[in-house]
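Step one of this worksheet: look at the structure below.
None of the values given here were measured: they were computed from a predicted structure.
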Amino acid sequence: MSKNQDKASKSGATAPDDEPGQKRERIKGIFSTQAIQKVGTGTTTRRTIQKMYWFVEEDASHNLEIQPLNKNYVPSGPKRRIGLEELLEKFSPEPEFYVSTVYPRLRELNMVIQKGEKHREKGEIFSAELEFGQALAVDEENIRANFGLGLTYLDRGESNKADDIFQRLVRLDASFDKEHKHLFNEFGMNLRKNRMLDQAIDYYQRAESLAVRDDHLMFNIARAFFDKKDYARTMEYLQKALALNPNHAESRRFAAFLEEKGLAKGSLPAATPAATVPGDDDGAPSLGGEELPS
């Protein structure tokens with residue numbers, strides 16, 4: 001086994017294949033870095049060693065992402081890509097720390113969030129708020145907890161508090177990841193239904209700026225512009241939805257409605273013979289649409 005293999009294996013995985021046909025587990029675990037800092041001035045200057053912990057995970061394409069641990073020892077904050085050579089050269093594996101500290105705290109955090117989601121599903125919104133609040137005390141950037149708390153505030157009609165969550169989520173790129181697609185869409189639709197139209201548009205267009213290519217996303221932006229009585233922009237986004245998927249039936253009916261009422265006109269692509277609505281490029285299901293306006 002090479003040095004690289006030996007070092008990576010300490011984190012719960014082996015290093016890249018040395019020989020064709022070799023298989024290895026993907027890297028996932030805690031690593032640390034150390035930095036020497038000077039404290040004080042003059043004769044009182046002393047050096048201290050600052051240790052930082054990072055959660056490292058490798059995807060199926062062998063891309064590595066690192067994320068710092070916060071003061072509560074859970075992964076939080078921005079992620080960044082890192083090469084394997086940099087990981088092996090500059091980071092030290094901490095398998096015991098992951099097992100003894102990080103994993104139990106992540107498990108506890110996920111259980112609290114799940115309890116909050118179950119309370120919200122049952123309409124127990126005050127209990128849901130309590131659980132989501134506890135989760136955010138551990139990790140203030142946790143996407144599921146932020147979505148859950150925002151939706152809870154919208155359920156209660158507390159638009160000011162929901163707007164605070166919106167401002168937080170719209171700054172977090174991770175909130176628009178495919179793994180959060182269901183929550184992302186539910187939050188956006190609830191913003192619109194609570195007449196927070198500018199927030200809904202800003203929120204959805206943030207996803208659009210991050211290259212979320214989805215016909216249902218374009219449809220939902222069109223709905224928000226319709227509620228603002230901006231019919232030209234409504235048609236613009238219906239055209240975008242149909243450019244992505246000519247068979248998106250809701251968008252086609254919506255566009256026909258606008259033309260029938262004399263609200264807007266647009267050139268729409270012809271529907272293709274296939275009657276099915278495709279998912280995303282990776283085969284994941286698309287964002288759910290909404291009912292048409294009456």
So, using ring-ring contact (aromatic ring centres under 6.0 Å, His included) as the criterion, who are the partners of F55 when residues are at least two apart? none

Quick check on Y73: does its OH atom have over 12 non-hydrogen neighbours (other residues, nucleotides or ligands) under 6.0 Å away? no

Whether the side chain of H119 engages the backbone of E131 through a donor-acceptor N/O pair (distance < 3.5 Å, no angle test) should be reported. no

When you check the side-chain N and O atoms of N146 and E141, is any donor under 3.5 Å from an acceptor? no

Partners meeting salt bridge (Lys or Arg N to Asp or Glu O under 4.0 Å) with E259 (sequence neighbours left out): none

Donor-acceptor under 3.5 Å (N245 side chain, N247 main chain): yes

K115 and E129 ion-paired at < 4.0 Å: no

Indicate, with yes or no, if the rings of Y53 and F31 have centres closer together than 6.0 Å. no

Looking at F184 versus Y203, is the centre-to-centre ring distance below 6.0 Å? yes

Give a yes or no answer on whether the side chain of D177 reaches the backbone of H180 with a donor-acceptor pair at less than 3.5 Å. no

Taking the six-membered ring where the residue is Trp, are the ring centres of F187 and F166 under 6.0 Å apart? no

Can you find a pair of side-chain heavy atoms, one from R213 and one from E208, that are under 4.5 Å apart? no

Please report the interatomic distance CG(N142) to CD1(I113), rounded to the nearest 0.5 Å. 3.5 Å

When you measure from the side chain of N70 to the backbone N and O of V138, does any donor-acceptor pair fall under 3.5 Å? yes

For F225, does the six-membered ring have the charged nitrogen or CZ of K228 within the cation-pi criterion, i.e. under 6.0 angstrom from the centroid and within 45° of the normal? no

Below 30° counts as parallel, above 60° as perpendicular, anything between as tilted: where do the rings of H248 and H216 land? perpendicular

Using a 4.5 Å cut-off on heavy atoms from C-beta on, say whether the side chain of Q67 contacts that of W54. no

Criterion salt bridge (Lys or Arg N to Asp or Glu O under 4.0 Å) against D214, the qualifying member of K181, K240, K178: K181

Any ion pair linking R120 and D155 (charged N to carboxylate O, less than 4.0 Å)? yes

